[in-house]
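Order of the sequence lines sets the chain letters (A, B, ...), proteins ahead of strands, with each chain counted from 1. All values derive from a computational prediction rather than experimental measurement.
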Amino acid sequence: MAKESTTIDVGEPSTVTKSSSHVVVDEKQKKGIVAAAAGGGYKRGLAIFDFLLRLAAIGITIGASSVMFTAEETLPFFTQFLQFQAGYDDFPTFQFFVISIAIVASYLVLSLPFSIVTIVRPLAVAPRLILLISDTMVLTLTTAAAAAAAAIVYLAHNGNSNTNWLPICQQFGDFCQATSTAVVAASISVVFFILLIVISAVALKRH
Amino acid sequence: MKNESTIIDVPAESSSAMKGKAPLIGVAKDHTTSGSGGYKRGLSIFDFLLRLAAIVAASVAAGTMFTSDETLPFFTQFLQFQAGYDDIPTFQFFVIAMSIVSGYLVLSLPISVVTIVRPLATAPRLLLLVLDTAALAFNMAAASSAAAISYLAHNGNQNTNWLPICQQFGDFCLKSSGAVVSSFVAVVFFTILVVLSGVALKRH
């Protein structure tokens, strides 16, 4: 029986070779873990900023809606037949404003849990995508309400000579001031929504 | 001199067969033409087509409002009864804003083409998403403020004694209302564009 056999000079002990290969694998694993932590770190920061922006937007939208809701004024003089009053319900556009900004405020409250989920799980894609899509829709609603009310407020301040629409602010000063404040607050919330959408998009992107 | 030596039995199989059974440590995956690039490219093509449609909607809105002049056939010795978009500052803002939005859409077409050619690049998509969001808000502001004035022109307001002018200027009202509707269509397109960019950005 002939066996093939050879002679090998054993140089270094085999344990040194084994440990160096293990180090390669461990470094790769460590790099993977570090990458996940770093991505999770700044995404978590973005999620916390998102949560704080949402809280601020809740405050502003509730403020805008309530200021417009309570924007009534009764002039001190009256005739035998009429009393001169102005309120938000005299203008369908302002009614739309109050209702839609209230809807936006309640949406923001309902979206707070999703925002918390993105803080706890910074790398999850689904909550951020849901927030981005619903924030886009609510952005359009807020912008619609703010812009329509701004057009009416502009008309109330300046009037229009071509259509014979008289500026009512000269008589109803307090009413005009309250409605203008509400419109400015709603416009600030529009800026917040744009920031929220951009934050969600930046946090969504891959590396 | 003593050498350490040992005896090894070489098996009958060749060494290349043994190598083939050895486990590989790291396998490089080729992602360039995998499924994720494929569906993102589809989203980019849909994005490009939507942009073309939005260009049409926005420019139609601006053009219709711009040409919505009407002169009534009767006139007195001192006045001629005319109505045009430049009589109402909100409609002036509408024409300017829709023109800016149309111009932005035309300029964003090359970036959309870049996302078709390189479906996995995130920078063009992120840029498009941010700019589209700003354009969406701008478009919506123009559309809804013009809608508020159009509503007033159709219905008037008894409490403030603002008379509805549509009863006299029918054509002007029709054209301006049509322009408002067209710009709302552009808003819908923008919303879909923003959501598309968001979905195409996400990781796997």
Problem set entry | B/L201 side, atom CG; A/S200 side, atom OG - distance, nearest 0.5 Å | 11.0 Å
For this session: Would you mind reporting whether A/I168 and B/W162 have side-chain heavy atoms less than 4.5 Å apart?
Result: yes
Exercise. Can you find a heavy atom in the side chain of A/L155 that is under 4.5 Å from one in the side chain of B/P89?
Worked result: no
Exercise. At their closest point, which heavy atom of A/A147 faces which heavy atom of B/S145, and how far apart are they?
Worked result: O-CB, 3.4 Å
Exercise. Who among A/F172, A/F193, A/Y154 has the most heavy-atom pairs with chain B under 4.5 Å?
Worked result: A/Y154
Seminar exercise, completed: Output for pair (A/I194 CD1, B/F138 CZ), nearest 0.5 Å, gives 11.0 Å
Problem set entry | Over 12 non-hydrogen atoms of neighbours within 6.0 angstrom of CD in A/Q95 | yes
Exercise. When only pairs under 4.5 Å are counted, which of A/L132, A/N162, A/L139, A/T142 shares the most heavy-atom pairs with chain B?
Worked result: A/N162
Seminar exercise, completed: CZ (A/F97) and OG (B/S144) are apart, to the nearest 0.5 Å, by 11.0 Å
Exercise. Got A/T93 and B/L152 here, is their nearest side-chain heavy-atom distance under 4.5 Å?
Worked result: no
Exercise. Which bit of B/A137 comes within less than 4.5 Å of chain A, counting heavy atoms only: side chain, backbone, both or neither?
Worked result: both
Exercise. Side-chain contact, heavy-atom cut-off 4.5 Å: A/T136 with B/T133?
Worked result: no
For this session: Could you tell me whether B/F184 atom CZ has more than 12 heavy atoms of other residues or ligands within 6.0 Å of it?
Result: yes
For this session: Apply side chain to side chain donor-acceptor pair (under 3.5 Å) to A/Y107 and list each qualifying residue two or more places apart in sequence or on a separate chain.
Result: A/S134, A/D135
For this session: Check whether more than 12 heavy atoms from other residues, nucleotides or ligands sit under 6.0 Å from atom CZ of A/F114, and answer yes or no.
Result: no
Problem set entry | Engaged part of B/D87 at the chain A interface, taking heavy atoms whose separation is under 4.5 Å | both
Exercise. Does the side chain of B/L136 come within less than 4.5 Å of A/T140's, by heavy atoms?
Worked result: yes
Exercise. Within the side chain of A/D90, is there an N or O that forms a donor-acceptor pair under 3.5 Å with the backbone of B/N159?
Worked result: no
Seminar exercise, completed: The interface call for A/A150 against chain B, heavy-atom contacts under 4.5 Å, is neither
Seminar exercise, completed: Pair count under 4.5 Å, heavy atoms only, with chain A: among B/N157, B/V194, B/T191, highest is B/N157
For this session: Count the heavy atoms of every other residue, nucleotide or ligand shown that sit under 6.0 Å from CZ of A/F49, and state whether that count exceeds 12.
Result: no
Problem set entry | Separation of B/Q168 CD from A/T163 OG1 (nearest 0.5 Å) | 10.5 Å
Exercise. Which of the residues B/I149, B/N155, B/N139 is involved in the greatest number of heavy-atom pairs with chain A at under 4.5 angstrom?
Worked result: B/I149
For this session: Check whether more than 12 heavy atoms from other residues, nucleotides or ligands sit under 6.0 Å from atom CZ of A/F175, and answer yes or no.
Result: yes
Exercise. Quick one: CG on B/L126 to NZ on A/K205, what's the gap to the nearest 0.5 Å?
Worked result: 6.5 Å
